[in-house]
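Just below is one structure, and these are the notes that go with it.
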Amino acid sequence: MDVANVVVDVPVAQTNRMFDYRIPEYLQHAVFPGMRVIVPFGPRKIMGYVLEVTDHSDIDKLKPIESIMDVTPVLTKELLELGKWVAHHTISFYISTFQAMLPQALKASYEKQVQRLNDILPEKLEMIFAGRDVISFQEFEEAGVYQALQRAVQVGDVEIIYQVHSKETVKKQTYVKPMLEPLELEAVLADLPQQAKKKKAIIHFFQQHNKPIQKKELLEKLHTTQSTVKQLIDQGILKQEMVETYRDPYQNENIKRTQPLPLTSQQQDAMNAVVDTLDQTKHQTFLLHGVTGSGKTEVYLQAIHHCLTKGKEAIVLVPEIALTPQMVNRFKGRFGSKVAVMHSALSKGERFDEWRKVQRKEVQVVVGARSAIFAPFEQIGLIIIDEEHETSYKQEEHPRYHARDVAIQRAKYHYCPVILGSATPALESYARAKKGVYQLLSMPERMNNAKMPEVELIDMRDELHAGNRSMFSRQLKEAIEERLARKEQTVLFLNRRGYSTFVMCRDCGHVMTCPHCDIALTYHRKNQKLKCHYCNYEENMPDTCPSCESDTIRYFGTGTQKVEEALQEMIPEANIIRMDVDTTRRKGSHERLLRQFGNQQADILLGTQMIAKGLDFPNVTLVGVLAADSLLNLPDFRASEKTFQLLTQVSGRAGRHQLPGEVIIQTYTPEHYSVELASTYDYEAFFEKEMLIRKTYQYPPYYYLTLVTVSHPNQIKVMEVTKMISLLLRKHLSDDVRILGPTASPVARIKDRYRYQCMVKYKNEPNQREILRKILAYFEDEMRKDELLIQIDLQPYQLM
DNA sequence: AGCACGCCGACT
DNA sequence: GTCGGCGTGCTC
């Protein structure tokens, strides 16, 4: 067993396979599948993952593994298999997939250096080395002595070496502990001169607590300094040691422990179904369709509890945006230190530490965003995906996986249940539940006998006719004022997606667009600049129209900032908290703003998507949606579904406790079925209606989609390649497929690259991936040399 | 990807 | 003659 099959860290098609390496004598029985190793690859050294250890290879001369980067594998056998599966299903490289399954900190970084081999070097080189033995290659590049270097390498004066590092670091803290027994300490105490007050205090302390304490803590407790402690260490009375610790982002929070709540009968029914499956150790996917406020989370918590009592582990996925402290606390409150939390707001080091807790089996529950589905548990008993309809479960870069698919794949391996929870399930999921692929669990009632809040639709066209040109309808204004008078709170929701503050000339209609992308520039009020959201291009707000030189150039659209100002002007006495990307950028500000609102330091919470989910404030009795239809005009076949889901979610923020809630939705299209049916909370009717439309227009869940996007700086080239791809697809796929395109992408140019796409609609094309792979291979040379980019997204969510 | 190798035109 | 430009092909 001295051969290792390794996937190397070179993400291109040519190297997307295993390379064999010899395991040197000294590493025998130390190399295992799932470990990172450093291997020679051509003239350099790179990182790779060991997939298998075998005893033979078809290759004659194997190079040996240079060294191992891990003592224990970072990927389990299951995760290695899963990685291969994901790579295959998303048409990605193995290496990219394995990287995506692990925390960023485990990625390798590379450094190229020049090492001196001779005491005397040519003068030119000696100057650069300046007495050092090893220097970075970059310094030579900057000095521009390439030839001299090459000669030196040939002569053997210097050598080019390749360093591979892992970025992970382990945080260590300094601890201090006594070296002597309590009795001996007593003797030391007696010997100390009277004025050594601090030393005495320290020794006294250790007589009482005969165990290590963090140095920082000791210093603070006894109001003393480093030097005093150091003297005691030097005298051999105390000892200093470094102890590995976790970076714990929640360490300063006092989370109250909670107990299981009594379940309603519908909760109990859902629980039982899951628990039965769990007890039988079999796989089943459940779709938990529960209205907002029906207590889905309590079902999760108790199902997890049951899972833990069976000695198994649980993964809970939550959309990134809903991973608020409120949410985290519910899990930490119930399961305490058994929980690890993984999301993007953590630093790299924090995320690595949370991952390590899982790897070391120090926790049994992971709560996290999409990538937490790859948590390295080995005894999974339950996987939960909350708000399963959320689009953030689909990764929009390679590997373009959907966490739901990965979850089900893992659950099949572990013979365990998956719960997909939502008040507004994705059409795909609900259709599967109806077909019996998933088991449907319904919770149509709210807890505490709370009623769903009344929803009033306001036709903003009527407002305009009545002479109200503001962004607030008369009804909404009145309702807000009522809440102020009653000391109740309001949540105002502005959907900014599909709505931006663009700049247009009122005279000639000229719209300011990005010179590098086919998209309107967005006006940023705080620095008076126009910015491109795709390439970060920036320019000053012009005084006159660049096209007709009229000075009537203005910005249009509604930003949260603008809404806040208008709102403040309309109701000067209101205290408003605004939550958007700008006000929550700083770490912890998200949390602070919510706490302020929860403590009733404000009357109105105004925000974007980030306030649509998971918020639960008893005093909120009014929810206002400023523009319900802003999503509807997007070129996206899911626009209606997204609108329905969003309106339902937002409405669910009101009246969750004793006080009854009210929802006011402002819209220009009150007759649209997604708006209308959201106002009556009729998911079933919406589902039926939308399914009919999907069937007619041949969209999911009736058809699967594949989106191929081609981009290149030359428009002709893009069109040609896309045309060719669509012809190839048409030729090699079955006659049942529909191929749309080539067409220009919705954003036809980004960063000076033209974008064309074609879309495949199909029901069953087992050969499709193989054909796509061949098409990619065909264009591979051009993709490498000629700036051509072909992206393939199976079951895309983002059609842009 | 990143590197060597090799072939060609433009120079000290 | 030699330097360096880029196209080609390989990496266990």
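The sequence lines fix the lettering, A, B, ..., with proteins before strands; numbering per chain opens at 1. What you see below is based on every heavy atom in this structure, not just the backbone, and it leaves out hydrogens, waters and symmetry mates.
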Student check: side-chain heavy atoms of A/Ile46 and A/Val39 closer than 4.5 Å: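 Side-chain contact under 4.5 Å: yes.
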Side-chain heavy atoms of A/Glu320 within contact of A/Ser344, under 4.5 Å: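 In short, these two side chains touch, coming nearer than 4.5 Å.
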Where chain A begins and ends its contact with DNA chain B, read 5' to 3' at 4.0 Å from heavy atoms: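 Going 5' to 3' along DNA chain B, contacts run B/dA1 to B/dC3.
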Find the distance [X]:[atom1] to [N]:[atom2] and express it as a whole number of Å.
{"X": "A/Asp60", "N": "C/dT11", "atom1": "CG", "atom2": "C1'", "value": "16 Å"}
{"X": "A/Met18", "N": "C/dT11", "atom1": "CE", "atom2": "P", "value": "17 Å"}
{"X": "A/Asp781", "N": "C/dC10", "atom1": "CG", "atom2": "P", "value": "12 Å"}
{"X": "A/Asp20", "N": "C/dT11", "atom1": "CG", "atom2": "C1'", "value": "13 Å"}
{"X": "A/Tyr162", "N": "C/dT11", "atom1": "OH", "atom2": "P", "value": "16 Å"}
{"X": "A/Arg151", "N": "C/dT2", "atom1": "CZ", "atom2": "C1'", "value": "11 Å"}
{"X": "A/Phe93", "N": "C/dT11", "atom1": "CZ", "atom2": "C1'", "value": "16 Å"}
{"X": "A/Gln14", "N": "C/dC10", "atom1": "CD", "atom2": "C1'", "value": "8 Å"}

Check: A/Phe637 ring centre within less than 6.0 Å of A/Tyr703 ring centre: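 No, ring centres 6.0 Å or more apart.
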A/Tyr797 ring center near A/His402 ring center (under 6.0 Å):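 Yes.
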Over-ring placement of A/Lys761 relative to A/Tyr704, 6.0 Å and 45° cut-offs: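 The answer is no; the distance or angle limit is not met.
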Backbone N/O of A/Leu794 and side chain of A/Arg400: donor-acceptor pair under 3.5 Å: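 Checked: no pair found.
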Electrostatic pair A/Glu313:A/Lys361 at N-O distance under 4.0 angstrom: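 So A/Glu313 does not pair with A/Lys361 through a salt bridge.
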Test: A/Glu126 and A/Arg116 ion pair at under 4.0 Å: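 Salt bridge between A/Glu126 and A/Arg116, a charged N being under 4.0 Å from a carboxylate O: yes.
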Residues within residues 38-57 of chain A bordering DNA chain B, heavy-atom distance below 4.0 Å: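 Output list: A/Pro43, A/Arg44.
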Sugar-phosphate, base or nothing in reach of A/Ile59, heavy atoms under 4.0 Å: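 Touches a base.
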Within 6.0 angstrom of A/Gln28 CD, more than 12 heavy atoms from elsewhere: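 Yes, enclosed.
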